[in-house]
Visitor: 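Could you have a look at this structure, given as structure tokens, before my questions?
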Amino acid sequence: MVSSTTLLKQDTKKPQKLPSIEEIKAAIPAHCFEKSLPKSLFFLVLDYVILYGCYLVLPYFEAYGWAGYITWCWVIGMFAASLFCIGHDCGHTTFSNYEWVNDLCGHIAHAPIMAPYWPWQKTHRQHHQYTSHITKDKGHPWVTEEDYEGKNFLEKHFAKFPISGLLRWNPIYTFLGLPDGSHFWPFSDLFTTTTERIKCAVSASAVFFCMGVAFYFCDYSITKWFWYYYMPCLWQGLWLVVITYMQHSHPEIEVYEDSQWNYMKGQVQTVDRTYGFGVDTLLHHITDGHVAHHMFFTRIPHYNLMEATEAIKGVLDQYPGAYRHETNYHVWFKYLWYNVRLEYLIGKGSGVLRYKLIGQEKKLH
Ligand SMILES: [Zn+2]
Ligand SMILES: [Zn+2]
């Protein structure tokens, strides 16, 4: 009888040699670390103009019935995800050198798409600080074989239903707080200080205010509000789920327990993916510049990510397997396939966990 843990140990590679963060930083041109408020504001305004344009062209899409409407949701969801990336920069303080500007613009970018700015800033920071740590990596719940066995049928297979992605960000993650805690409720497990609770109340109120403004623009019609405001927000959430899931999911990635985890090992588990068709540029390179973003999340603004990526590649390529990049024109299908294939991680207790893949023997109890 062979347990999955033993299997894992048998094919565990030798400890990978990695460069230090200082070595990588030294290779990146100094101007990549410069934050430009005018540039950041330009992209914030640009995304708003594009979103406004999406509403102007809505009738042309609706002329094609449901197919047209769903296509429109897919398009506006993507541009709303672009706007989300601007707020993401604000949360990382890469929008500008002024904290109050970052926080104000962060709320301007996030509140209208139902993202509570300060609470998510906190959980997202933990994701960067503890990337690929089995318990401390927030926002990307790692599921072990043991966790998986304890779930009911719906919990085990929910992510495999393509439509589930629409609900995973909002309301499941941010509102209901599964699994990290609600980002809307000041007394949820996420917050430990009074300041954090007040910040949660402010950010949540900003979202509710924007929901009200949208209701006004929908002529106080719940139906209009649902189809033309809430649904685009759900599609933005779906884009976000696809983007973040695909950056941290790969059959070969490793997840670490405390004994084996360190910052650099965690960061190189990130995958850069090129979606193609101009999407990467429209999404501010959150897709194909994510490794660079992950390593220097408080230092490099989105418009410098690709130049930094080239420099990082130059260093990481000297360490076999340290830089992962894929071109995925079919990223949506790959996302669906990974949700079916990468069910849970095996190797609990060994320090290093990997996905159990089809063909690998399951743990025998
Ligand atoms: Zn990430
Ligand atoms: Zn980030």
Side-chain angles (χ1 to χ4, degrees), residues 21 24 32-33 35 40 43-44 81-96 102-103 105-106 109-110 113 115-142 165 168-169 173-174 179-180 183 236-250 253-256 261-275 280 283-306 308-309 312 316 322-326 328 331 335 338 342:
I21 194 79
I24 294 179
C32 289
F33 296 100
K35 304 165 188 178
S40 295
F43 286 109
L44 176 64
S82 305
L83 178 64
F84 184 91
C85 292
I86 302 299
H88 169 237
D89 258 14
C90 296
H92 280 309
T93 71
T94 49
F95 187 86
S96 80
N102 295 334
D103 290 343
C105 292
H110 277 184
I113 48 176
Y117 172 77
W118 271 317
W120 186 73
Q121 178 191 40
K122 179 183 176 179
T123 47
H124 187 60
R125 185 165 288 237
Q126 285 172 316
H127 164 60
H128 277 272
Q129 285 169 329
Y130 297 106
T131 308
S132 251
H133 186 293
I134 189 70
T135 53
K136 295 180 184 167
D137 183 356
K138 299 289 179 197
H140 190 91
W142 299 109
R168 280 165 74 174
W169 165 252
Y173 181 64
T174 57
D180 293 338
H183 290 61
Q236 180 270 324
L238 174 59
W239 270 96
L240 195 59
V241 167
V242 171
I243 292 165
T244 51
Y245 180 84
M246 293 308 285
Q247 278 154 354
H248 297 287
S249 300
H250 189 278
I253 63 151
E254 294 178 342
V255 179
Y256 305 100
W261 184 88
N262 69 41
Y263 183 78
M264 198 40 120
K265 271 162 95 174
Q267 298 304 349
V268 297
Q269 303 312 314
T270 309
V271 187
D272 274 348
R273 295 184 189 273
T274 302
Y275 292 15
D280 309 286
L283 285 171
H284 306 305
H285 297 292
I286 197 73
T287 49
D288 53 352
H290 203 65
V291 173
H293 166 63
H294 245 269
M295 290 184 179
F296 301 98
F297 56 98
T298 58
R299 303 294 309 276
I300 305 179
H302 69 84
Y303 40 83
N304 291 335
L305 283 176
M306 294 322 288
T309 297
I312 289 172
L316 289 185
Y323 179 71
R324 287 195 183 88
H325 171 266
E326 287 185 6
N328 295 146
V331 68
Y335 161 77
Y338 273 6
L342 308 178

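Ligands are counted one by one from 1 in listed order, and the atoms in each one are counted from 1 as well.
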Visitor: So which of the N, O or S atoms of His248 lies nearest the Zn ion (ligand 1)?
Guide: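 In His248, the N, O or S atom with the shortest distance to the Zn ion (ligand 1) is NE2.
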Visitor: According to the interplanar angle, ranging from 0 to 90°, do the rings of His284 and His302 count as parallel (below 30°), tilted (30 to 60°) or perpendicular (above 60°)?
Guide: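 Ring orientation of His284 relative to His302: tilted.
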Visitor: Which value, rounded to the nearest 0.5 Å, describes the distance between Ser249 atom OG and Gln269 atom CD?
Guide: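 Ser249 atom OG to Gln269 atom CD measures 11.5 Å (nearest 0.5 Å).
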Visitor: Once ring-ring contact (aromatic ring centres under 6.0 Å, His included) is applied, do any residues pair with His290, and if so which ones, sequence neighbours excluded?
Guide: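 Only His248, His293, His294 meet the ring-ring contact (aromatic ring centres under 6.0 Å, His included) criterion with His290.
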Visitor: Given Ser96 and Asn102, is the side-chain hydrogen bond (donor to acceptor under 3.5 Å, both in side chains) satisfied, shown in steps?
Guide: CA-CA 6 Å; Ser96 80; Asn102 295 334; 2.9 Å; yes
Visitor: List for me each residue that meets side-chain contact (heavy atoms from CB on, under 4.5 Å) alongside Tyr263, sequence neighbours excluded, and say none if there are none.
Guide: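 Per chain and number, Tyr263 pairs via side-chain contact (heavy atoms from CB on, under 4.5 Å) with Ile21, Trp261, Gln267, Phe297.
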Visitor: Which protein N, O or S atoms sit under 2.8 Å from the Zn ion (ligand 2)?
Guide: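 Hits for the Zn ion (ligand 2) below 2.8 Å: His88 NE2, His92 NE2, His124 NE2, His128 NE2, His293 NE2.
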Visitor: For His325, what residues pass the ring-ring contact (aromatic ring centres under 6.0 Å, His included) criterion, not counting sequence neighbours?
Guide: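 With neighbours one apart ignored, the set is empty.
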